[in-house]
Amino acid sequence: MRLILDIAVTHIAGRGRQTLVAVVGVAVGVGFSIAMAALMQGGQDDLIAKLVDTMPHVEITDDRRVPAAQPAEAAFDAVAIAGLRPREDRRGIINPTEAFAWLREWVPGRVAASLNTQGVVRYLGRDVGATIVGIEPDAERGVSSIVEDFVEGSFAALEVGGNNVVIGDRMAERLGAGVGDTVTLVAATGRSRGFKIVGLFHTGITARDEHEAYVLLKSAQILDERTNVINQIRIKLDDPDAAPAVARRAEARLGYKSVSWQEANQQILEAIVVRNVIMYTVVAAIMLVAGFGIFNIISTITHEKARDIAIMKSLGFSQGDMQRLFVLEGVAIGTAGSVLGWLLGFALVTALASVHFELSTGGRELTRLPIAWAPLHYAIAAGFAMASAAVAGYLPARRAARQHPVDIIRGAS
Amino acid sequence: MTALIEAEGLTRVLPEIVPVTLVEDVTLTVGTREFVAITGPSGSGKSSLLYLLGLLDRPTAGTLRLAGEDTAPMNEAARAAHRLALLGFVFQFHFLLPEFTARENVEIPMRKLGRLPRDRIRARAGELLESLGLAGHVDKRPDQLSGGQRQRVAVARALANDPPLVLADEPTGSLDSQSSEQVFAILADLVRDHGKTVVAVTHDLELAVRMGRRIHLVDGRVVSDERVAGAAPG
């Protein structure tokens with residue numbers, strides 16, 4: 001094998017220009033595959049990360065997937081009941097303390113309760129419709145990313161207590177209010193109260209920035225006249241992939257609609273699958289083109305070496321020796337090209353990662369191209385290049401090695 | 001005399017639409033220390049017979065024994081191993097590997113056989129080239145050598161594994177008269193002084209009559225097989 005290796009090295013070194021073209025061809029294929037994969041994967045990871053980071057992984061609300069059975073339905077064995085005036089249940093999660101304690105017992109992550117209610121934020125005669133979210137700041141910190149999205153003031157100021165509120169920067173803009181101003185929160189019940197703005201956040205999601213206001217849970221309960229009531233439990237899990245199982249278990253026990261982030265974003269995740277198909281098709285196409293390039297170059301070299309194959313066979317080399325020789329040459333070119341391709345890919349990815357653009361200030365908007373730095377991309381690209389190079393060496397060498405040496409010798413004489 | 005080549009009814013037919021017979025029913029025996037010329041007009045099957053004897057081609061009929069061993073049951077790898085150990089080829093064109101130096105070209109068959117350590121292989125390649133008058137050219141590549149020098153390197157390569165049988169296909173065909181004479185003298189010397197058997201295809205009758213034995217082919221058949229009095233050994 002050492003002799004075959006030496007011959008392969010001499011062959012490759014002796015044909016500098018051709019070898020260089022072959023190596024550069026492989027490198028370009030590998031490099032661009034890596035860059036494309038990094039970009040596509042980066043985009044996907046970024047999207048999922050945004051979904052996972054900005055949303056609670058499981059959201060339990062006081063809704064039910066099927067309407068609650070009416071007492072009449074339990075009392076009468078009838079096919080259908082018509083004209084019944086349904087019982088008006090008090091909205092909210094019943095026995096919130098017990099439900100909360102049960103969840104805290106087994107859920108691998110953080111749990112936070114809140115009361116969401118619709119209302120209006122009023123300032124200087126301007127009204128903006130809002131979702132007033134009553135929260136417990138300590139618990140909220142564990143399930144929400146909003147803490148990191150403050151452009152002025154801070155979430156911590158809520159913790160001080162009292163009638164404080166944090167609102168989105170767009171809402172503040174519409175109201176013409178700022179930190180330190182006192183706005184009036186009017187609940188659907190008609191009850192209103194003055195709240196001092198202690199922070200402005202900017203999530204980049206207009207609906208939130210323009211229509212969300214956070215107050216302490218107690219304040220929201222008073223405003224909504226629903227003492228000790230919550231209507232939402234949000235869970236942030238250590239492992240986001242466990243969300244569907246946690247949601248199923250919570251719903252089975254509590255009876256309330258529990259939605260995992262995967263269920264909430266089903267359409268987006270389906271779109272990601274389609275995007276993945278497109279991504280892998282594009283990367284595979286690049287690699288296929290690169291593979292053909294490698295095949296073309298190495299098979300040309302092998303074809304040109306047909307005479308040498310015949311001579312070496314006449315000297316006593318076997319068909320297997322010749323196939324090993326050219327597969328080795330292919331793999332050597334593939335290896336050199338892959339290493340060079342890794343450098344090229346790394347340089348391209350670094351260049352792409354350094355592209356910076358400003359879409360908006362602060363928040364979670366994209367300011368850089370999302371790039372995934374995955375060693376797997378390098379391994380797959382190199383593996384594919386090496387396999388192409390090996391096949392590119394093997395197939396023509398097998399054809400040449402099978403050819404009768406006499407035919408080649410006669411033809412070359 | 002021990003028989004090195006024993007061919008009986010050797011036939012090679014190309015399976016074309018109209019089958020072409022290259023060699024037909026050749027029976028011959030060649031012993032050690034013979035210097036044999038295979039002659040005949042163009043297309044008479046001289047080279048085809050040589051390739052059959054050298055295990056580069058398979059007969060369609062007949063048997064061939066080399067050094068007492070039947071070659072028919074041998075697979076491709078066994079035939080390659082036989083070529084490596086028993087045979088040395090010299091072609092009309094030198095057929096040296098262009099990326100390798102003269103010494104490396106001679107070393108390759110020895111390294112493939114693997115009988116000698118690397119330092120002995122290197123030394124023997126140098127000695128062979130030196131004995132053929134190429135002492136100052138061992139590290140040159142084929143494109144840096146003249147036609148005669150290349151052919152002598154090819155002879156050195158054929159002798160690398162010290163094979164008992166050297167097969168030469170028009171070994172002087174592409175050389176000028178002076179180089180031809182040199183190569184012929186080397187081949188004759190192999191038989192006379194080193195006990196080799198040389199079978200050479202040639203259309204040069206002047207050279208053929210100087211060899212010990214002359215086998216004449218016409219249309220693939222042996223029409224005469226005669227020993228030449230007063231010629232080189234054989």
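Heavy-atom basis, side chains included; hydrogens, waters and symmetry copies ignored. First the proteins, then the strands, lettered A, B, ... as listed; each starts at 1.
Using a 4.0 Å cut-off between a side-chain N of Lys or Arg and a carboxylate O of Asp or Glu, B:Lys112 and A:Asp321 qualify as a salt bridge. Ion pairing between B:Asp119 and B:Arg122 fails under the 4.0 Å rule for side-chain N and carboxylate O.
For A:Ile311, the part sitting under 4.5 Å from any heavy atom of chain B is the side chain, from C-beta outward, and nothing else. Contacts between B:Arg157 and chain A at a heavy-atom distance below 4.5 Å involve the side chain alone, from C-beta outward. Using a 4.5 Å cut-off between heavy atoms, B:Leu96 touches chain A through its backbone atoms (N, CA, C, O) alone. Using a 4.5 Å cut-off between heavy atoms, A:Ile7 touches chain B through backbone and side chain atoms alike.
B:Gln149 and B:Ser146 share a donor-acceptor pair across their side chains, judged by distance under 3.5 Å alone. Between the side chains of B:Asp169 and B:Ser47, a donor-acceptor pair is found at a separation under 3.5 Å.
The candidate with the highest count of non-hydrogen atom pairs below 4.5 Å against chain B, out of A:Ser318, A:Ala310, A:Ala13, is A:Ser318.
Considering all non-hydrogen atoms of both residues, B:Leu49 and B:Val26 come closest at CD1-CG1, 4.0 Å.
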